[in-house]
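Here is the structure we will look at.
Letters A, B, ... are given to chains in the order of the sequence lines, protein chains preceding strands, and every chain is numbered from 1.
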Amino acid sequence: MLKIYNTLSGQKEVFKPIVEGKIGMYVCGNTVYDFCHIGHARAMISFDVISRVLRNLGYDLTYVRNITDVDDKIIKRAAENNELPSDLTERMIAAQQEDEKALGNLSPDREPKATEFMQEIIDMIQSLVDKGYAYQGDNGDVYYRASKFADYGKLNNRKLEEMLAGARIEVTESKEHPADFVLWKPVKAGEVHWDSPWGKGRPGWHIECSAMSTNCLGDHFDIHGGGPDLKFPHHENEIAQSEAATGKEYVNYWMHCGAVRVNNEKMSKSLGNFFTIREVLKLYNPEVLRYLMVSSHYRSPIDYSDQSLNDAKVALERLYNALRGQALSTAPESSDYRVRFEKALRDDFNTPVALSVLFDLVRDLNKAKTESPELAESLAAELSALASVLGLLYQDADYFLKNSLVSSEGMNSDDIEALIEERTLARKNKDFARSDEIRDLLADNGIELLDSREGTSWTRK
RNA sequence: GGCCGGAUGGCAGAGUGGUCAUGCAGCGGACUGCAACUCCGUUUACGCCGGUUCGAUUCCGACUCCGGCCUCCA
């Protein structure tokens with residue numbers, strides 16, 4: 001039994017797919033006008049893990065995540081850069097793919113782009129116009145008529161009347177109601193545009209997701225996910241558009257990950273307090289960032305700091321230490337560890353508890369190394385197999401331990417190996433003074449040594 | 001103002017009506033030439049006030065504080 005917290009109901013629910021054994025999942029992707037920051041990383045990693053877990057549980061999953069490649073911010077940024085919007089979006093899509101590959105995310109099954117679904121977007125708007133859910137204002141904008149959709153606000157527990165009190169909704173003369181939102185906006189001079197029954201122009205932000213998700217997964221599908229800041233208005237508007245256009249229920253389970261915070265404040269573009277993924281990957285091995293994301297529950301807020309990254313690095317080192325130099329056999333079909341691990345993940349993807357099972361396993365593995373090599377090989381295989389469900393421990397242990405911190409400075413491997421060789425000789429000759437001198441020298445350079453019967457290995461701290 | 005979600009040991013972070021989370025750090029021991037890695041043992045906890053209960057960190061209510069959304073944002 002799988003339980004999923006559904007934003008729509010505000011509680012954990014037993015998951016039931018529409019079609020037995022199959023799942024359609026749509027996740028809102030990024031607007032590609034800038035490099036991804038840590039908040040994007042969290043959303044991308046969270047849903048990557050969720051998709052892996054669903055497949056591990058045996059579901060036939062179709063995972064769709066869109067790319068927003070037409071938007072005000074893209075047009076603005078491209079103009080600032082003096083380049084074509086399409087050149088900007090291509091660059092940023094390539095950058096995002098690089099980042100994700102580094103972080104160990106698997107590609108979604110489909111990554112539809114808004115510009116490739118223009119006809120479907122126009123068709124959906126037409127359908128809304130035909131049914132009286134949309135109208136063209138005298139400024140040329142086509143608006144969604146929020147007041148006609150009885151369930152408007154059901155995802156966020158809001159009522160139209162109450163929202164007016166907030167008074168932060170953009171007031172436009174051309175709108176019938178302040179909560180109405182744009183489906184299609186007329187082209188401004190020199191901007192990219194498409195032909196439509198309402199004149200040349202381009203789509204509003206929300207409609208593309210309704211059009212792409214229903215075209216890729218059907219009018220009614222299982223899971224829709226995204227970052228916490230999309231809950232309102234974006235997802236609320238998606239529901240309104242889709243259900244009005246198709247006349248069917250849109251999505252069964254809505255999932256939202258938690259925010260990444262910096263100094264107890266949400267990391268966001270508008271606050272400017274964000275770090276890009278590539279900045280962080282200049283300092284830390286990408287798996288450290290992934291571990292940080294997986295080490296708390298996907299819905300909890302995460303505080304991002306040097307210390308939180310460092311804690312993640314140290315914890316990951318413990319896992320990799322257990323695998324270093326350890327042969328793997330075959331993982332058992334089922335074990336107490338696997339049962340506990342999967343039980344945790346079936347409970348709304350509780351990755352912190354799943355990780356705690358891994359650490360219990362590591363303790364037994366480390367003990368088995370001296371007591372039963374065969375058991376150790378099997379436990380190591382089990383550790384590796386379970387970790388892969390979270391997308392962790394995919395690197396060579398020795399490589400990771402030498403590169404958990406990515407520093408461009410510092411000693412290179414050859415110099416380190418040479419010093420270790422000299423130290424080994426000194427130790428053979430019982431010249432412990434020289435031996436310790438070398439170890440201290442390496443330690444000052446962030447290199448920690450580990451002597452064993454097989455020889456000396458090292459870790460970059 | 002409205003709507004959500006939090007408050008757990010030195011830090012991070014799960015969870016539960018009555019027995020262990022887990023990682024880091026600390027302390028004692030084993031291993032080691034000394035270390036490191038590892039192992040064994042161990043200290044520190046559930047915001048505040050009431051209620052339900054044989055018993056509440058866990059359920060209910062009030063309070064305080066914090067965060068998010070209500071505007072583009074993963």
Need one value for [X]: base, sugar-phosphate or nothing, where a base atom within 4.0 Å counts as base even if backbone is also close, heavy atoms only.
| X | result |
| --- | --- |
| Gly39(A) | base |
| Asp360(A) | sugar-phosphate |
| Gly258(A) | base |
| Phe432(A) | base |
| Arg65(A) | nothing |
| Leu449(A) | base |
| Ser308(A) | nothing |
| Val27(A) | nothing |
| Met267(A) | base |
| His37(A) | base |
| Lys430(A) | nothing |

Any [X] side-chain nitrogen or oxygen under 4.0 Å from OP1 or OP2 of [N]:
| X | N | answer |
| --- | --- | --- |
| Trp205(A) | C73(B) | yes |
| Asn350(A) | G15(B) | yes |
| Arg453(A) | U32(B) | no |
| Lys369(A) | C37(B) | no |
| Arg363(A) | G23(B) | yes |
| Arg42(A) | C73(B) | no |

* Asked: On the ring face of Tyr5(A), is Arg299(A) found with NZ or CZ under 6.0 Å from the centre and within 45° of the axis?
  -> yes
* Which atom names give the shortest non-hydrogen contact between Pro286(A) and Leu281(A), and what distance separates them? -> CA-CD2, 3.5 Å
* Can you name the nearest heavy-atom pair linking Asn285(A) to Val406(A), along with the distance? -> N-CG2, 3.5 Å
With both distances under 3.5 Å as the test, what is the Watson-Crick or G-U wobble partner of [N]?
| N | value |
| --- | --- |
| C69(B) | G2(B) |
| G55(B) | none |
| U64(B) | A7(B) |
| U42(B) | G26(B) |
| C31(B) | none |
| U19(B) | none |

What nucleotide, of [options], holds the atom closest to the side chain of [X]?
| X | options | answer |
| --- | --- | --- |
| Ser270(A) | A14(B), C37(B), C72(B) | C72(B) |
| Asp229(A) | G23(B), G33(B), A74(B) | A74(B) |
| Asn157(A) | C34(B), C4(B), A14(B) | C4(B) |
| Arg423(A) | A14(B), C39(B), G33(B) | G33(B) |
| Lys367(A) | U22(B), C40(B), G33(B) | C40(B) |
| Asn366(A) | C39(B), C69(B), G33(B) | C39(B) |

Got a donor-acceptor pair under 3.5 Å from the side chain of [X] to the base of [N]?
| X | N | value |
| --- | --- | --- |
| Arg427(A) | G33(B) | yes |
| Arg439(A) | A35(B) | yes |
| Asp436(A) | G33(B) | yes |
| Ser300(A) | G5(B) | no |
| Arg158(A) | C69(B) | yes |

* Want to settle it: does Pro301(A) or Val362(A) sit nearer the 5' end of RNA chain B, counting the closest nucleotide to each? -> Pro301(A)
* **Pro233(A) or Asn156(A), whichever maps to the more 5' nucleotide of RNA chain B** => Asn156(A)
* For the residue pair Phe274(A) and His37(A), does the interplanar ring angle fall in the parallel (under 30°), tilted (30 to 60°) or perpendicular (over 60°) class? ->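 Ring orientation, 0 to 90° scale: tilted.
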* What is the ring orientation for His235(A) with His256(A), classed by angle as parallel under 30°, tilted 30 to 60°, or perpendicular over 60°? -> tilted
* To do: Might you confirm whether atom CD of Glu279(A) has over 12 heavy atoms from other residues, nucleotides or ligands at distances under 6.0 Å?
  =>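 Counting neighbours around CD of Glu279(A), more than 12 heavy atoms of other residues, nucleotides or ligands fall under 6.0 Å, so yes.
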* Could you grab the distance from atom CG of Leu390(A) to atom CZ of Phe349(A), nearest 0.5 Å is fine? =>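 The CZ atom of Phe349(A) is 12.0 Å from CG of Leu390(A), to the nearest 0.5 Å.
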* To do: Give the C-alpha distance, both sets of side-chain angles, the deciding distance and a yes or no for side chain to side chain donor-acceptor pair (under 3.5 Å) between Gln241(A) and Ser210(A).
  => CA-CA 7 Å; Gln241(A) 293 164 340; Ser210(A) 288; 2.8 Å; yes
* Taking OH from Tyr298(A) and P from A74(B), how many angstroms apart are they, rounded to a whole number? ->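 For the pair Tyr298(A) OH and A74(B) P, the rounded distance is 19 Å.
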* **Nearest-angstrom distance from the residue atom CG of Asp34(A) to P of C73(B)** =>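 Value for this atom pair: 14 Å.
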